[in-house]
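Down below is the structure, laid out as structure tokens.
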Amino acid sequence: MSNVITGAAVVGGVCGQPIRHSMSPLIHNAWIAAAGLDAAYVPFAPTVDRFETFVNGLRGGAVRGINVTIPFKERALAIADTASDLARMAGAANLLLFDADGGVHAENTDGPGLLGAIAAQAPGYDVTAAPVVVLGAGGAARGAIAALLLAGAPQVSVVNRTVARAKDLADTFGEKVLARGEDALPALLPEAGLVINATSLGLGGGDGPVADLALTPRDAVVLDMVYKPLRTEFLRRAEAAGRATVDGLEMLLRQAIPTFEAIYGQPPSPEVDVRGLALKLLGEA
Ligand code: ATR
């Protein structure tokens, strides 16, 4: 273990506005310390109108890579010179990597985070086996749909309060993605292998989206992208119906793994209890 930062340290970070409550510095610095790396991971909060100035200032690799969070994910993709297929499909990047020659590459590790969380908390679930229902049609929904399609989901129904927004989203993906109103849920849920809350409902302890989860097949999986609180009302309803659940915190932790590898060039140690650290920070442990 070493916490020494020398002049040769590799610097990474996370950029958002606000950034004060980000859990990423805690997670990455715990991994850095465990590996004894000469490295640091720091928070950045550029003013909203100066995001591009900030990113352009990093061209050349003084900082190796940065995570990008709300409200900059779409602008991060736009400013990059190259982007992964997933970032392009998601319409957003949560990771920018800086080349020594000045280039900026956009990645999206939220998608692997979603799939990794399912693999960890609902092992054996086969994304290719059954239709998926995604509740919500914002940026979070778009990222989830992109990841699911690339992983081979046969069909994704986007259910949103504002159906026009679901239609706009579905149109960007093609025939495997269908836009539906909330009234379609009683027909969709009995066929669903996976139901995802990608709305902001439930954040801070309120009720989750209206969906009778008991209508899903017994082996269906229910995932909530909201992680404050950890056990959302939506996940509690899924549990009460006997369904396997996947929480949003696991998704957040799983996206950090490929991020760490991309910035620091090695996988993080599985020995570090990052979930325990995050739960403490959330006041859940
Ligand atoms: P994000 O980028 O995090 O996805 P967003 O773009 O603001 O955030 O999207 C929020 C999602 O939560 C939308 O699908 C929104 O539904 P509308 O498109 O109809 O606004 C959904 N949402 C937020 N509050 C809601 C509510 N009270 N009832 C139903 N859906 C709600």
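Every heavy atom of this structure was used, including side-chain atoms; hydrogens, water molecules and symmetry mates were not.
- Here D126 pairs with nothing under the salt bridge (charged side-chain N to carboxylate O under 4.0 Å, His left out) rule; sequence neighbours left out.
- Within the 3.5 Å criterion, the main-chain N or O of M89 finds no donor-acceptor partner in the side chain of D85.
- For residues 87-127, there are no ring pair (Phe, Tyr, Trp, His ring centres under 6.0 Å) pairs, not counting sequence neighbours.
- Residues forming a ring-ring contact (aromatic ring centres under 6.0 Å, His included) with F44 (at least two apart in sequence, or on another chain): F54.
- S22 places no side-chain N or O within donor-acceptor distance of the main-chain N or O of I19, the cut-off being under 3.5 Å.
- Sorted by first and then second residue, the salt bridge (Lys or Arg N to Asp or Glu O under 4.0 Å) pairs with a member in residues 100-118 read K73-D110; sequence neighbours excluded.
- Under the rule for a side chain to side chain contact (heavy atoms under 4.5 Å, CB included), the partners of A153 that lie at least two apart in sequence or sit in another chain are V127, V132, L148, V156.
- Within 6.0 Å of CG in L279 there are more than 12 heavy atoms belonging to other residues, nucleotides or ligands.
- Residues satisfying the side chain to side chain contact (heavy atoms under 4.5 Å, CB included) criterion with A120, sequence neighbours excluded, are E250, R254.
- By the criterion of side-chain heavy atoms lying less than 4.5 angstrom apart, applied directly or through intervening Ile, Leu, Val, Met, Phe, Trp or Tyr residues, V11 is not grouped with I27; the two fall into different hydrophobic clusters.
- Comment: R236 does not engage D207 in a salt bridge, judged by the lack of any side-chain N to carboxylate O separation of less than 4.0 angstrom.
- Distance check: D224 CG to T232 OG1 gives 3.5 Å after rounding to the nearest 0.5 Å.
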Please assess N67 against S24 for the test side chain to side chain donor-acceptor pair (under 3.5 Å), listing each intermediate value before the final yes or no.
CA-CA 9 Å; N67 274 130; S24 295; 4.5 Å; no
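- Applying the salt bridge (Lys or Arg N to Asp or Glu O under 4.0 Å) test to residues at least two apart or on different chains, none of the pairs has a partner in residues 141-168.
- Remark: the backbone N or O of G12 is not paired with any side-chain donor or acceptor of Y41 at under 3.5 angstrom.
- Note on L194 and V246: same hydrophobic cluster, where clusters join Ile, Leu, Val, Met, Phe, Trp and Tyr whose side-chain heavy atoms are under 4.5 Å apart, directly or indirectly.
- Residues that satisfy the ring-ring contact (aromatic ring centres under 6.0 Å, His included) test with Y264, not counting sequence neighbours, are F260.
- Two residues are said to be in side-chain contact when any heavy atoms from C-beta on lie closer than 4.5 Å; D99 and D81 fail this criterion.
- Listed by first then second residue, pairs satisfying ring pair (Phe, Tyr, Trp, His ring centres under 6.0 Å) with a partner in residues 187-217 number zero, not counting sequence neighbours.
- Judged purely by atom type and a 3.5 angstrom limit, D171 has no side-chain atom pairing as donor or acceptor with the backbone of G174.
- Closest approach of P258 and P112 over heavy atoms only: CG-CB, 4.3 Å.
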What verdict does the side-chain contact (heavy atoms from CB on, under 4.5 Å) test give for D247 and Q121, after you've listed the backbone C-alpha separation in whole Å, the side-chain angles of each residue and the deciding distance to 0.1 Å?
CA-CA 8 Å; D247 64 57; Q121 295 191 336; 3.2 Å; yes
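- Partners of Q17 by side chain to side chain contact (heavy atoms under 4.5 Å, CB included), not counting sequence neighbours, listed by chain and number: A45, V48, P71, F72.
- Taking the side chain as every heavy atom from C-beta outward, R50 and T47 approach each other to under 4.5 Å.
- At least one donor-acceptor pair closer than 3.5 Å links the side chain of R237 to the backbone N or O of A211.
- In this structure L26 satisfies the side chain to side chain contact (heavy atoms under 4.5 Å, CB included) test together with L277, L281, sequence neighbours excluded.
- The hydrophobic cluster around V222 extends to V133, L135, V159, L185, L188, L189, V195, L213, L215, F234, L235, counting ILVMFWY residues whose side-chain heavy atoms fall within less than 4.5 Å of a member.
- Taking 4.0 Å as the cut-off between side-chain N and carboxylate O, E239 and R231 count as a salt-bridged pair.
- Cluster membership for I66 and V14, using ILVMFWY side-chain heavy atoms within less than 4.5 angstrom, is not shared.
- Although no hydrogens or angles enter the test, the distance criterion places a donor-acceptor pair under 3.5 Å between the side chain of E284 and the main chain of L230.
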CA sep, side-chain torsions, deciding dist, call: N94, Q255, side-chain contact (heavy atoms from CB on, under 4.5 Å):
CA-CA 9 Å; N94 76 323; Q255 67 74 30; 3.3 Å; yes
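- The main-chain N or O of A164 is never found under 3.5 Å from a side-chain atom of T162 such that the two would form a donor-acceptor pair.
- Put simply, the side chain of E233 gets close to the backbone of G208: a donor and an acceptor are under 3.5 Å apart.
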